[in-house]
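I have placed the structure first, in the form of structure tokens, so that the comments after it can refer back to it.
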Amino acid sequence: HLRQHAISFLHDFNQCKHKQVVKISPLTGLVSSLCRVRLNPSSFFNSRSRSNSFSSTMPVCEMCSAPLAAKAILRPRAMPTHWCCTTCTDMNDSAATECRSCHAPAPVELPVPSSPLPLICATPVVAESPSIWAEVPYERSATRDFGAWPKNESEGGVHFRVWAPNAACVYVAGEFNGWSQEHALEREPDGCWQGFVEKAAAGQHYKYLIRTKDGQMLWRNDPCGRMMDLGPARNDVICKRVLFPSSAFDCPTLRHMVIYEMSVLTFSPEKTFQGAIKRLPYLASLGVNAICMMPPTQDTHAECWGYDPISLFALHRQFGTPDDLRELVLSCHKMGIACIMDWVPNHMAADSILNDFDMPGGHLYFYPDARRDTPFGTRLDFRKPQVSDYIVRSARMWLEEYGFDGLRVDSTGTLRSVNAHEPWSGKDLIEAWELMQALNDMAHSLTPPRFTIAEDLMHNSRINDTAGFDSQWDANFFTQIFRICVTLEDCNRDMDLLASVVSSTFTGICTDRVIYTESHDTVASTCSHRFPEAIEEGAEYFTAGSPAVKRSIIAATILMTSPGTPMILMGQENLERRSAVWPYPPEVDYLIDDPLRQAVYAKYAALIRLRRNLDGAASGLCGTGICLSHINNGDKVIGYHRYSHYGPGDDVLVIANFANRDLIDYRLGLTRDGRWRIRFHSDLDKTPDDSLQWIIMATRIQRDGLPFSLVISLPPYSAIILSRELPGRELPGRVNSLSVTGVST
């Protein structure tokens, strides 16, 4: 009985005229009301009462003794049509708050046990229109699928299921019934509607027709529809559910991966999935073994980057069909290339198919308050289990039905921040962290397990060790490398800063970050532009000796030799300088016949080959070890040693000269002695081979606090990669002194 008054106390407290003098929290208010609330003695027993019932007692304010009327809001949402007065036994309408005969207050009922009154919640919940989902626990099941699910061809028919808890009735209409209301779906206890249409078949168009409780009829797309047509009506298309065929493809690990970020619209001459297949040999020749495909989901724009999704399930119809996308992924696998999907769950476009889904002005899928607003679009309401499941099911579909090997999750900083306009504020949505954990648990539980990459950009290690992402984009790597290379004066290039970003990790694991010097975000016309253009903005043309060319290749060398998973943006490998203009994707001319661009392409291919250790001479670049052996902020030189387990074929030395001057006979320390071979030289006119001139002998002369050292010449704005000679390749006798152009020992 006291609990009834405690609940009433919490709700009526704001009506108390003395509330300004009472400093009390909801939790302490509950405790104090249990202990101190006074009851009106005259209401304990009523002359007309048939029993000593406390149902009609009323609490009074302990400050002013004013009676606190019971509120109808405290009754369960599922109410009977009438209630019986416990004082005079008369029947009253369910909406009445007092008896029509004796004026006794309506009984205060306890909340439904399965949906208790929340006392403390992680984020404030704004009152919404009553809906069935809050009343009946949502059924979570891997076999309980949504959308249109065709049966096998021998049986025929299509099964439909959609979540619309506020609807009075839901019909599925399409080409199979003349777009009529012939097929009404059956309501399930948790607000889902399902039904089987025997006449429906794959390839037919359909939509849901929802009748609201006030009689309005709403045409709605299927939130889980796999494809839409290209017409103005934007109808859904029934697609066969096909799990991606298992293959012998062995996905490379993040440690051995080199990622190529690309857009189908730019990469494909025909701007389709099929057109992209034709250009895959280009990537195989370059040497990358993973692509990160910008979002292939249906977007609000016809030709775009893909970051304004109107659906999390439908693929971009202009690119092709589901079978076309599966064929693209399968073709990549046949060439040894993994496929990563850029997936955008943090916001929906303004014209999303989820807007006002089952009632005008409703917030079924979205937060009902300021939390819905982000700089990019409307945020989904992660508190609701139906919405969080909808998001995780979307990710699972792309991984299982299309065969993607991993997900790059867009803007997790926006996804998790209470104020998405200030993601650095530190105030997060707990439900967003739970969503990220559920997403990663799902991806890692699949067979084979999939990996996940976050674009958080807040330099937060919790994204790895708490949310569970395998890796995340390291925006600081780009920022500092860009600043060092674009700075006009050599004296302003900070080698100590460079050393810190080269060796940095989030959790001490080298694969916990994806590093890059360009991405789709950085090359937008409103941002930092392409790397070469930012270095020599407005230059009419570039030459082999242009600072833009030389420093771009130095940056690529640092990228490919630093701990982390390296990623390049399409066009970097051939010196693309045009910026992207929103909403169109970056431009790249893959067909230009330019010797300079071809030479830059060859340098990128050589760096990628070294990074992947395809020749077995530089396994240390895939290792976990790094020793910053030489940092010279005066001459603007940095040298570092990469290794996995030490030894010939594993030890790698990287040297970079960030100054525009020759450094002849430059000595720097080494952790290991022996013969070292130059494997890469950034100058376009220098291509290391297996001849003697590219061998350097380390000597037992101390330098940089290390027991060994070597002497080498460094041209202006240059980078050189050396590795210890493999057993069996060492030259007989002693190498004393060799001198060649640009290299001396």
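Atom CG of residue Leu457 and atom CG of residue Asn476 lie 11.0 Å apart, to the nearest 0.5 angstrom. A distance of 10.0 Å separates CE in Met697 from CD in Glu725, rounded to the nearest 0.5 Å. With values rounded to the nearest 0.5 angstrom, Ser718 atom OG is found 11.0 Å from Ile553 atom CD1. Interatomic distance, CG of Leu663 versus NZ of Lys636, reported as 12.5 Å (0.5 Å rounding). One distance of note links CD of Glu455 with OG of Ser471; it measures 12.5 Å at 0.5 Å rounding. Atom CD1 of residue Ile337 and atom SG of residue Cys251 lie 12.0 Å apart, to the nearest 0.5 angstrom.
Applying the salt bridge (charged side-chain N to carboxylate O under 4.0 Å, His left out) rule to pairs touching residues 536-547 yields nothing, sequence neighbours excluded.
In this structure the side chain of Val711 never reaches within 4.5 angstrom of the side chain of Tyr666, judged on heavy atoms. You'll find the side chain of Pro345 reaches within 4.5 Å of the side chain of Leu415, heavy atoms only. Proximity of Pro566 to Ile259: side-chain heavy atoms (C-beta onward) are nowhere separated by under 4.5 Å. In this structure, the side chains of Val549 and Thr543 stay at 4.5 Å or more apart for every pair of heavy atoms. Counting heavy atoms from C-beta outward, Cys339 and Met293 have side chains that stay 4.5 Å or more apart. Residues Met257 and Val288 are not in side-chain contact: their nearest non-hydrogen atoms beyond the backbone lie 4.5 Å or more apart. A heavy-atom distance below 4.5 Å is found between the side chains of Pro281 and Met335. When side chains are defined from C-beta on, Leu498 does not count as touching Ile631, because their heavy atoms never get closer than 4.5 Å.
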ask   = So Asp456 and Arg416, salt bridge (charged side-chain N to carboxylate O under 4.0 Å, His left out) or not? Walk me through it.
value = CA-CA 9 Å; Asp456 197 74; Arg416 63 182 174 84; 2.8 Å; yes
request  = Report the C-alpha distance between Asp494 and Arg483 in whole Å, list the side-chain angles of each, state the deciding distance to 0.1 Å, and finish with yes or no for salt bridge (charged side-chain N to carboxylate O under 4.0 Å, His left out).
outcome  = CA-CA 9 Å; Asp494 190 341; Arg483 180 181 302 168; over 6 Å; no
key: Verdict with supporting geometry, Phe267 and Lys271, side-chain contact (heavy atoms from CB on, under 4.5 Å)   = CA-CA 7 Å; Phe267 185 72; Lys271 301 182 178 182; over 6 Å; no
query = Does the pair Tyr601 and Tyr282 meet the rule for a ring-ring contact (aromatic ring centres under 6.0 Å, His included), with working shown?
reply = CA-CA 11 Å; Tyr601 177 92; Tyr282 173 90; 5.4 Å; yes
request  = Go through the steps for Ser519 and Asp521 under the test side-chain hydrogen bond (donor to acceptor under 3.5 Å, both in side chains), then give the verdict.
outcome  = CA-CA 5 Å; Ser519 74; Asp521 284 331; 4.7 Å; no
Intermediate values then yes/no, side-chain contact (heavy atoms from CB on, under 4.5 Å), Leu722 and Ile655 = CA-CA 8 Å; Leu722 307 92; Ile655 312 168; 3.8 Å; yes
ask   = Step by step, would you call Val637 with Phe658 a side-chain contact (heavy atoms from CB on, under 4.5 Å)?
value = CA-CA 6 Å; Val637 178; Phe658 280 85; over 6 Å; no
request  = Take Asn346 and Ser411, measure what side-chain hydrogen bond (donor to acceptor under 3.5 Å, both in side chains) needs, and give me the verdict at the end.
outcome  = CA-CA 7 Å; Asn346 59 79; Ser411 193; 4.6 Å; no
Evaluation steps, side-chain hydrogen bond (donor to acceptor under 3.5 Å, both in side chains), between Thr517 and Gln572 = CA-CA 9 Å; Thr517 56; Gln572 264 190 275; 2.9 Å; yes
ask   = After noting the C-alpha distance and the side-chain angles of Val523 and Phe531, does the key distance pass the side-chain contact (heavy atoms from CB on, under 4.5 Å) rule?
value = CA-CA 8 Å; Val523 302; Phe531 220 86; over 6 Å; no
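A cation-pi contact links Arg577 to Phe542, judged by a cut-off of 6.0 Å to the six-membered ring centre and 45° from its axis. Geometrically, Lys603 engages Phe680 in a cation-pi contact defined by less than 6.0 Å to the ring centre and at most 45° from the axis. For the pair Arg551 and Tyr717, the cation-pi criterion (under 6.0 Å, within 45° of the ring axis) is fulfilled. In this structure, Arg703 forms no cation-pi arrangement with Phe708, as its terminal cationic atom is not both closer than 6.0 Å to the ring centre and no more than 45° off the ring axis. Cation-pi geometry between Arg408 and Trp473 is met: the NZ or CZ atom falls under 6.0 Å from the ring centre, inside 45° of the normal.
When only modelled atom types and interatomic distance are considered, Tyr516 and Glu261 share no side-chain donor-acceptor pair under 3.5 Å. Side-chain contact annotation: Asp512 with Gln472, donor-acceptor N/O pair under 3.5 Å absent. If you check the side chains of Arg667 and Ser709, you find a donor sitting under 3.5 Å from an acceptor. Looking only at atom types and distance, the side chain of Ser619 has a donor-acceptor partner in the side chain of Asp650 under 3.5 Å away. At a cut-off of 3.5 Å, with distance as the only test, no side-chain donor of Tyr604 or Asn574 sits close to an acceptor on the other residue. In summary, the side chains of His630 and Asp704 do present a donor paired with an acceptor at a separation below 3.5 Å, with no hydrogens or angles considered. No side-chain donor-acceptor contact under 3.5 Å links Asn289 and His256. Donor-acceptor pairing under 3.5 Å is lacking for the side chains of His347 and Tyr307. Between the side chains of His520 and Asp342, no donor-acceptor pair is found at a separation under 3.5 Å. Asp410 and Trp343 are not linked by any side-chain donor-acceptor pair at a separation below 3.5 angstrom, with hydrogens and angles left out of the test. Side-chain atoms of Ser503 and Tyr640 form no donor-acceptor pair, as typed in the model, at a separation below 3.5 Å. For Arg679 and Ser723, the side-chain atoms include at least one donor-acceptor pair closer than 3.5 Å. Checking Gln598 against Asp594 by side-chain atom types alone, no donor-acceptor pair falls below 3.5 Å. Under the 3.5 Å distance criterion, with hydrogens and angles disregarded, no donor-acceptor pair is assigned to the side chains of Asn419 and Ser417.
Aromatic ring centroids of His641 and Tyr643 lie under 6.0 Å apart. For an aromatic pair to be called close, the ring centres must be under 6.0 Å apart, and Phe469 with Phe451 fails this.
The number of heavy atoms from other shown groups lying within 6.0 Å of CG (Asp250) does not exceed 12. Annotation for Arg462: atom CZ does not count as buried by contact number, only 12 or fewer foreign heavy atoms lying within 6.0 Å. Within 6.0 Å of OH in Tyr584 there are 12 or fewer heavy atoms belonging to other residues, nucleotides or ligands.
Arg578 is linked by a salt bridge (Lys or Arg N to Asp or Glu O under 4.0 Å) to Glu576, Glu587, counting only residues two or more places apart in sequence or in another chain.
Taking all atoms of both residues into account, the shortest heavy-atom contact from Ile558 to Ala656 is CD1-CB, 4.2 Å.
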